[in-house]
Each structure stands twice: as structure tokens, then as C-alpha cells.
Amino acid sequence: EVQLVESGGGLIQPGGSLRLSCAASGFTVSSNYMNWVRQSPGKGLEWVSVIYSGGSTSYADSVKGRFTISRDNSMNTLYLQMNSLRAEDTAVYYCARDLGGYDYWGQGTLVTVSS
Amino acid sequence: EIVLTQSPDFQSVTPKEKVTITCRASQSIGSSLHWYQQKPDQSPKLLIKYASQSFSGVPSRFSGSGSGTDFTLTINSLEAEDAATYYCHQTSSLPYTFGQGTKLEIK
């Protein structure tokens, strides 16, 4: 059974750093395109980043230079390193597998950036 | 950046009604358009991929059509459980983008 479980969210002060994890089971992360998508409270979905099976990455302009997507093949886990966090980064962060549309999503992890 | 504009933003509908949600792209995206359903406090769920391909396990009352810049999600014979927000999403070109969402309320 395919499953994605995010962790690592929490309350962090502006300017701080946080690393989100997305543990996968039932498939191999490195063989798939994997994405992070976020949703601010009461708002719509916003694409954040992708890592392709070949290892190349891409980011939304709003996070470029501050966030880094990566994966650990041995742990079958996707990561999102978030630095220089801002209030506007407050959101639920989802990881999602892209198999032609995002067919599996995690349950999400809440990141709150506030002093 | 490709902008996806959904209409309507909100719709109140009665059970068994037919519902049509549209998504217009700011430039041609071929068929790289997907539809999701999100209920409160849940993760989004894939309904339709590549404009018209139903995802496994999705009820047959959900269907999609379109290509290029104009796309449609149709829900035939709406059921109470279909109350949710629906999003379109393009993966034609980076950055990938989502529509603003259409909230369906069941009367």
C-alpha cells in the first residue's frame, strides 16, 4: 500500500529554519517525481518544489534560494529544508507523488512562522 | 507562469443536479491538466488526470474534458458527499500552478 507520512512541522520564529520529512512506503521515492505543495490557512493550494527521478529540482519563485528539496534513497524519504522562514510561509505542507497528476498525498504537516 | 482561473468560485447545488466547473489556462497546456477534490481537514484527492482520464477508484459521475486552454470538470447526479473544494492543476510547464478552487455547497 502506498503511504506518505510527513513530519517536522511546528512553531518557528521568523528567520528560523525547519526541515520537513516525508517518509514513503509502498513505492520507491527515487524512481518517482516527488513534490511539496503547501496550503496557507483558509487558502488554496500552492506548488512549492519538485525533485525528479534523475535528481534535478525546481522551486516556486516564492521559496527559491530559501528552500531545498532532497531525498534519502536509503531511507526512502523526501525532505524540504526551509531557511529564512517568513510569516507568509505559514501553511500546511504536503508531499505528493507525481504519476501523471498527484496520485498520493501525505496528511500534511503544519508550519507556523510567528514570533 | 501559467495562471489557471476557475469558475465559479462558489456554487450551491442540490443533490442529483449536474455540476460543471471550468478551468481556463492563460496559455496552452495541452492536456496536462488535473483535477482534485479536497474536503475540510483532508488532503486533496486526485479525480482526473490529463484532462479526461479518471483516476482509479473515482466514481463514474466525475468526468473531465478539454485541451489547450479550456477545461471542464463535470459531476453528474451530485451526491451529498461531493461537498468539497475542487482544484485544477497544470504540470505542462514550471512553475506548476493550481487554480484558486471552486467550493461546492450542497443545499
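- Side-chain heavy atoms closer than 4.5 Å link hydrophobic residues (I, L, V, M, F, W, Y) into clusters, and following such links, possibly through other members, connects B:Leu4 to B:Tyr87.
- Ranking B:Pro44, B:Pro40, B:Gly101 against chain A, the residue ahead of the rest is B:Pro44, based on heavy-atom pairs under 4.5 Å.
- Residue contact with chain B, scored on non-hydrogen atoms closer than 4.5 Å, involves the backbone and the side chain of A:Tyr102 alike.
- In this structure, chain B has a heavy atom under 4.5 Å from the side chain of A:Val37, while its backbone stays farther away.
- The hydrophobic clustering, which links ILVMFWY residues whose side-chain heavy atoms are closer than 4.5 Å, places A:Leu99 and B:Tyr50 apart.
- Tracing side-chain contacts under 4.5 Å through hydrophobic residues (I, L, V, M, F, W, Y), one reaches B:Trp35 starting from B:Phe62; they form part of the same cluster.
- When the shell of 6.0 Å around OH of A:Tyr33 is examined, it contains 12 or fewer heavy atoms from other residues, nucleotides or ligands.
- Atom NZ of B:Lys39 sits in a crowded spot, with more than 12 heavy atoms from other residues, nucleotides or ligands closer than 6.0 Å.
- Looking at A:Asp61, there are no atoms closer than 4.5 Å to chain B (heavy atoms on both sides), in backbone or side chain.
- Contacts between A:Gln39 and chain B at a heavy-atom distance below 4.5 Å involve the side chain alone, from C-beta outward.
- Dense packing is recorded around CZ of A:Arg66, with more than 12 heavy atoms of other residues, nucleotides or ligands lying under 6.0 Å away.
- Among all heavy-atom pairs drawn from A:Asp98 and B:Thr91, the shortest one is OD2-CG2, 4.5 Å.
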One pair to check against side-chain contact (heavy atoms from CB on, under 4.5 Å): A:Trp47 and B:Leu94. What are the steps and the verdict? CA-CA 10 Å; A:Trp47 176 79; B:Leu94 293 163; 3.8 Å; yes

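- Contacts between B:Tyr96 and chain A at a heavy-atom distance below 4.5 Å involve backbone atoms as well as side-chain atoms.
- Under a cut-off of 6.0 angstrom, the local environment of CG in B:Asp41 is sparse, with at most 12 non-hydrogen atoms contributed by other residues, nucleotides or ligands.
- Comparing B:Gly99, B:Pro95, B:Ser43 by how many heavy-atom pairs each has under 4.5 Å with chain A, the most go to B:Ser43.
- Between chain B and the options A:Ser49, A:Gly100, A:Ala96, the largest number of non-hydrogen pairs under 4.5 Å is found for A:Gly100.
- In this structure, B:Ile48 is a member of the same hydrophobic cluster as B:Ile2, with clusters built from ILVMFWY side-chain heavy atoms closer than 4.5 Å.
- In terms of heavy-atom pairs under 4.5 angstrom with chain A, the leader among B:Gln53, B:Gln100, B:His34, B:Lys45 is B:His34.
- In terms of heavy atoms, A:Leu45 sits closest to B:Gln38 at CD2-OE1, 4.2 Å.
- Contact annotation for B:Gln42: only backbone heavy atoms (N, CA, C, O) come within less than 4.5 Å of a heavy atom of chain A.
- Both A:Met82 and A:Val63 are part of a single hydrophobic cluster, where members link through side-chain heavy atoms under 4.5 Å apart.
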